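Only a predicted model underlies this, so the values are computations on that prediction, with no experimental measurement involved. Quick note on labels: first sequence line is chain A, next is B, and so on, each numbered from 1.
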Protein chains: 2
Amino acid sequence: MSEVETVRQAFVQLWGSMGHFWGISPTTARIYSWLLSRSEPADTDEIMEGLEMSRGAVSMACRELREWQLIFPEKVSGSRRVAYRPATDLEKVIRNIVEIRKRREWDPILESLREWIPRLESDGSPEAAVFRQRLEDLESLIALTDSIVKVFLRGGVVGKLGLKMLVKAARDDAALDVSSGSGPGAEVKIQPEALRISDIQQHDSLVARAESAYRKALEESS
Amino acid sequence: MSEVETVRQAFVQLWGSMGHFWGISPTTARIYSWLLSRSEPADTDEIMEGLEMSRGAVSMACRELREWQLIFPEKVSGSRRVAYRPATDLEKVIRNIVEIRKRREWDPILESLREWIPRLESDGSPEAAVFRQRLEDLESLIALTDSIVKVFLRGGVVGKLGLKMLVKAARDDAALDVSSGSGPGAEVKIQPEALRISDIQQHDSLVARAESAYRKALEESS
DNA sequence: GCTTAGTTTCAAAAGTTATTGAAATTTCTA
DNA sequence: TAGAAATTTCAATAACTTTTGAAACTAAGC
């Protein structure tokens with residue numbers, strides 16, 4: 001068995017177990033990843049053989065993948081067969097899936113929370129107050145995640161700067177780990193203070209300073 | 001039925017359907033959310049009645065919640081009963097879960113990808129090259145997500161600035177949506193250019209400019 | 001229009017996960 | 001220490017999801 005085949009099998013296995021993240025079944029995920037691992041499209045028979053599945057399972061899964069626009073049918077000339085070509089721009093793919101799932105599944109969660117919170121306000125009991133506080137905390141967390149996803153989906157100067165900052169911070173931390181791991185007191189790590197959501201969400205004029213410095217630098221470089 | 005009870009039922013239903021995100025079963029998730037909706041801890045009988053479950057199901061689920069440190073057992077004085085108090089600092093809860101799942105599930109994905117990519121390099125076939133490119137794209141995407149999660153878990157000045165930028169960007173976008181939705185040409189939206197991961201990951205001296213402006217502003221304000 | 005290659009559909013079967021309830025076990029009190 | 005309150009465990013059962021394979025259907029070629 002070739003190296004490609006070995007990696008392919010492991011990749012298909014891995015992607016299959018991640019299927020639930022994408023909102024598709026493991027089988028459907030496995031077909032998509034199998035197609036991704038190839039340089040050419042494949043028809044139903046090839047998929048059946050490659051993944052040892054029934055024709056019916058392949059058909060159902062391919063229909064779902066088409067609905068998600070993860071595969072595209074192509075006619076095989078001189079034959080009645082349809083070959084399936086996977087969507088290969090993975091950034092676009094993931095954007096598409098995140099966008100669809102955000103709209104269908106995640107946004108309704110935020111909406112529900114925002115509906116419930118004022119309803120608990122009008123009930124004056126201590127239990128309602130406790131419950132409401134917890135829903136508010138949860139709403140803050142989910143709203144932060146929503147912000148990150150929105151920027152990922154939409155782009156823009158400030159969002160890009162934010163993401164670059166995050167990447168830099170993670171990189172800086174990794175470098176700090178390496179340097180603090182090489183001395184005699186290697187177990188001692190400087191642990192920054194944990195972020196609080198309320199702090200992150202708060203309007204901050206210092207952030208505006210950083211933003212305008214970045215914009216000025218952008219102008220000067222173009 | 002009271003307003004609290006109505007919202008509670010909807011919340012428990014919602015949280016139960018989100019259980020898979022946390023890596024726990026719907027039943028286990030429902031118990032946790034039910035406990036969150038109350039101002040006082042509850043014992044096994046109360047949970048059984050409140051959620052209409054068997055004693056066995058409650059016992060198994062509570063064991064799992066304890067393992068995740070989502071609930072804490074408390075002795076009920078004058079009785080042999082144990083009451084369960086939920087962890088209520090939701091930021092900490094989510095951090096804990098994200099950290100555990102990152103270590104157990106998500107980090108191994110990145111590791112696998114980073115193992116496979118060089119293996120495909122030594123196979124000179126066109127198919128290996130195509131497959132390798134796709135694995136590299138995927139690795140980039142997951143590494144970005146990993147960066148964001150790392151910052152969320154660890155904090156730090158640069159990470160905090162990055163998150164604040166993202167929140168600001170999302171807020172700015174929302175404001176832009178509102179203002180562009182109120183004119184006669186309301187269907188016309190300015191769509192910023194989509195972010196590319198390779199761009200975000202690239203070292204950028206302009207980001208350093210923004211960062212030092214922020215640090216300077218921090219010093220001046222303290 | 002007929003034939004047939006190829007695909008889709010769906011009920012039955014298979015596989016997986018969740019729940020139950022009673023036996024087993026643990027722990028506390030008198 | 002015995003008894004019983006309370007919980008845990010786990011095999012059986014129930015519920016849910018996935019897969020199969022053959023009947024039904026579609027579409028292309030002659």
Chemist: Would you check if B:C62 and B:V82 make a side-chain contact, meaning some heavy-atom pair closer than 4.5 Å?
Modeler: no
Chemist: Cationic tip of A:R104 within the cone over A:W68's six-membered ring, i.e. under 6.0 Å and within 45° of the normal?
Modeler: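 Pair A:R104/A:W68 counts as cation-pi.
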Chemist: Calculate the interatomic distance between B:I24 atom CD1 and C:dT19 atom P; express it in whole Å.
Modeler: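 After rounding, the reported distance stands at 12 Å.
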Chemist: Is any side-chain heavy atom of B:W106 closer than 4.5 Å to one of B:D146?
Modeler: no
Chemist: Reckon A:T44 has a side-chain N or O less than 4.0 Å from the OP1 or OP2 of C:dT7?
Modeler: yes
Chemist: Start with the C-alpha gap between A:M165 and B:K164, add the side-chain angles, then the distance that decides, and say whether side chain to side chain contact (heavy atoms under 4.5 Å, CB included) holds.
Modeler: CA-CA 10 Å; A:M165 288 280 180; B:K164 280 175 171 269; over 6 Å; no
Chemist: Rounded to whole angstrom units, what separation is found between the CE atom of B:M60 and the P atom of D:dA6?
Modeler: 22 Å
Chemist: Should A:R66 be listed as having a side-chain N or O under 4.0 Å from OP1 or OP2 of C:dT8?
Modeler: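 Indeed, a polar side-chain atom of A:R66 lies that close.
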Chemist: What nucleotide among D:dT18, C:dT8, C:dA18 has an atom nearest to a side-chain atom of A:T27?
Modeler: D:dT18
Chemist: Please report the distance, rounded to the nearest Å, between CG in A:D43 and C1' in C:dT8.
Modeler: 16 Å
Chemist: Going by number, which of residues 47-58 of chain B have a non-hydrogen atom under 4.0 Å from DNA chain D?
Modeler: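 Here the set is B:R55, B:G56.
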Chemist: Mark yes when over 12 heavy atoms from residues, nucleotides or ligands other than A:E67 sit less than 6.0 Å from its CD; otherwise mark no.
Modeler: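 Count over threshold, so yes.
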Chemist: Measure from CD on A:E67 to P on C:dT8 and round the result to the nearest Å.
Modeler: 11 Å
Chemist: I need the CZ-P distance between A:R81 and C:dT8, as an integer number of Å.
Modeler: 13 Å
Chemist: Mind calculating the distance between CG (A:L65) and C1' (C:dT7) to the nearest angstrom?
Modeler: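 After rounding, the gap between these two atoms is 16 Å.
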Chemist: Write down the distance between CZ (A:R63) and C1' (D:dT26), rounded to a whole number of angstrom.
Modeler: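 Roughly 15 Å, once rounded to whole Å.
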Chemist: Which atoms of nucleotides 26-30 of chain C (N or O only) lie under 3.5 Å from a protein N or O atom, and what are those distances?
Modeler:
| from | atom 1 | to | atom 2 | distance (Å) |
| --- | --- | --- | --- | --- |
| C:dT27 | O2 | B:R80 | NH1 | 3.3 |
| C:dC28 | O2 | B:R80 | NH1 | 3.2 |
| C:dC28 | O2 | B:R80 | NH2 | 2.4 |

Chemist: For B:Y84, give me all partners under ring pair (Phe, Tyr, Trp, His ring centres under 6.0 Å), at least two apart in sequence or on another chain.
Modeler: none
Chemist: Can you confirm whether more than 12 heavy atoms, excluding those of B:Q69, are under 6.0 Å from its CD atom?
Modeler: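 At most 12 heavy atoms, drawn from other residues, nucleotides or ligands, come within 6.0 Å of this atom.
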Chemist: Look at the aromatic rings of B:W15 and B:W22 and report parallel, tilted or perpendicular, splitting at 30° and 60°.
Modeler: parallel
Chemist: Is there a side-chain contact between A:D123 and B:V7 in this structure, where contact means two heavy atoms from C-beta onward sitting under 4.5 Å apart?
Modeler: no
